[in-house]
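Structure record follows, encoded as structure tokens.
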Amino acid sequence: MPQDTAELNNATCADEGFRNGKPVRCWEHRGCEGLPGLTGNMTDECPHARTDCYSPCPADCNFTACQRAWHKVATSVDLVLDPTVDRSSTIKVVCRFCEHFLRFAPRVGEDGSLANVAPDQVTSEEDNRFKIHLF
């Protein structure tokens with residue numbers, strides 16, 4: 001469940017991405033949450049904030065730039081390419097390369113989550129088919 005947006009925005013460098021001993025799950029919040037739009041809440045007007053499908057905020061959106069003290073672009077190849085990270089758990093593309101997200105994100109298959117991943121090996125004719133959704 002997403003944490004309170006106001007709480008995330010009040011973070012300091014001393015927090016280092018943790019609240020009550022647990023990593024902050026900042027990747028669950030859109031950058032436009034809580035901002036006023038033209039006619040109401042910005043999230044209601046955002047074309048990326050769709051509820052009918054997985055639609056992460058693109059990296060070039062003005063509101064996805066992370067200003068949090070713990071945001072750091074990962075430089076470890078092993079961390080960036082870690083196959084156990086559930087990249088579909090983030091709502092912003094920017095987070096997929098953030099060291100904080102890659103270290104503390106949910107893992108594929110953890111807690112009964114069903115992440116969409118391509119199989120490493122095809123074991124039968126039916127296993128080699130998967131859907132790609134273009135947004």
Side-chain angles (χ1 to χ4, degrees):
M1 174 169 230
Q3 296 167 337
D4 183 64
T5 304
E7 179 184 336
L8 292 175
N9 292 337
N10 292 328
T12 64
C13 289
D15 293 326
E16 297 181 19
F18 288 87
R19 291 273 192 267
N20 301 321
K22 295 182 179 178
V24 174
R25 297 173 65 93
C26 48
W27 57 82
E28 295 177 343
H29 294 274
R30 294 190 185 277
C32 59
E33 282 184 16
L35 297 176
L38 296 174
T39 60
N41 189 343
M42 177 79 77
T43 309
D44 296 336
E45 299 173 9
C46 177
H48 313 121
R50 296 181 55 182
T51 58
D52 61 337
C53 65
Y54 176 66
S55 181
C57 300
D60 60 352
C61 178
N62 290 333
F63 301 105
T64 60
C66 187
Q67 302 297 321
R68 295 186 174 91
W70 55 84
H71 176 75
K72 178 182 174 189
V73 175
T75 56
S76 166
V77 174
D78 292 332
L79 191 58
V80 172
L81 300 178
D82 183 355
T84 65
V85 175
D86 184 358
R87 287 170 178 79
S88 68
S89 65
T90 181
I91 204 152
K92 298 174 285 195
V93 172
V94 172
C95 296
R96 294 179 186 170
F97 301 99
C98 176
E99 190 171 303
H100 178 77
F101 170 73
L102 293 171
R103 289 188 187 280
F104 302 111
R107 300 299 179 209
V108 174
E110 181 181 81
D111 298 330
S113 64
L114 299 173
N116 295 324
V117 295
D120 291 331
Q121 284 185 321
V122 176
T123 56
S124 72
E125 185 70 31
E126 294 179 8
D127 289 342
N128 67 355
R129 291 180 276 151
F130 59 94
K131 295 180 181 179
I132 299 175
H133 297 279
L134 302 175
F135 300 101

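Nearest heavy-atom pair across T90 and C95 is OG1-CB, 3.1 Å. Annotation for R87 and L79: closest pair NH2-O, 4.1 Å, computed over non-hydrogen atoms. Taking both residues in full, the closest heavy atoms of C26 and H100 are given as SG-CD2, 3.9 Å, listed atom of the first, atom of the second, then distance. In this structure, N41 and L35 approach most closely via the heavy-atom pair OD1-O, 3.3 Å. Taking both residues in full, the closest heavy atoms of P58 and T64 are given as O-OG1, 3.3 Å, listed atom of the first, atom of the second, then distance. In plain terms, the two heavy atoms of V24 and R19 that are nearest each other are CG2-CG, 3.5 Å.
The NZ atom of K72 sits 4.5 Å away from atom CD of E99, with the distance rounded to the nearest 0.5 Å. Note that the CZ atom of F97 and the NZ atom of K92 stand 14.5 Å from one another [nearest 0.5 Å].
Using a distance-only test at 3.5 Å, with no hydrogens or angles considered, no donor-acceptor pair links the side chain of R30 to the main chain of C46.
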Step by step, work out the side chain to side chain contact (heavy atoms under 4.5 Å, CB included) result for S89 and W27.
CA-CA 8 Å; S89 65; W27 57 82; 4.2 Å; yes

Under the side chain to side chain contact (heavy atoms under 4.5 Å, CB included) criterion, do R107 and V85 qualify, and how do the steps go?
CA-CA 5 Å; R107 300 299 179 209; V85 175; 2.7 Å; yes

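The shortest distance between side-chain heavy atoms of V94 and F101 does not fall below 4.5 Å.
The environment of CZ in F104 is crowded: more than 12 heavy-atom neighbours from other residues, nucleotides or ligands sit within 6.0 Å.
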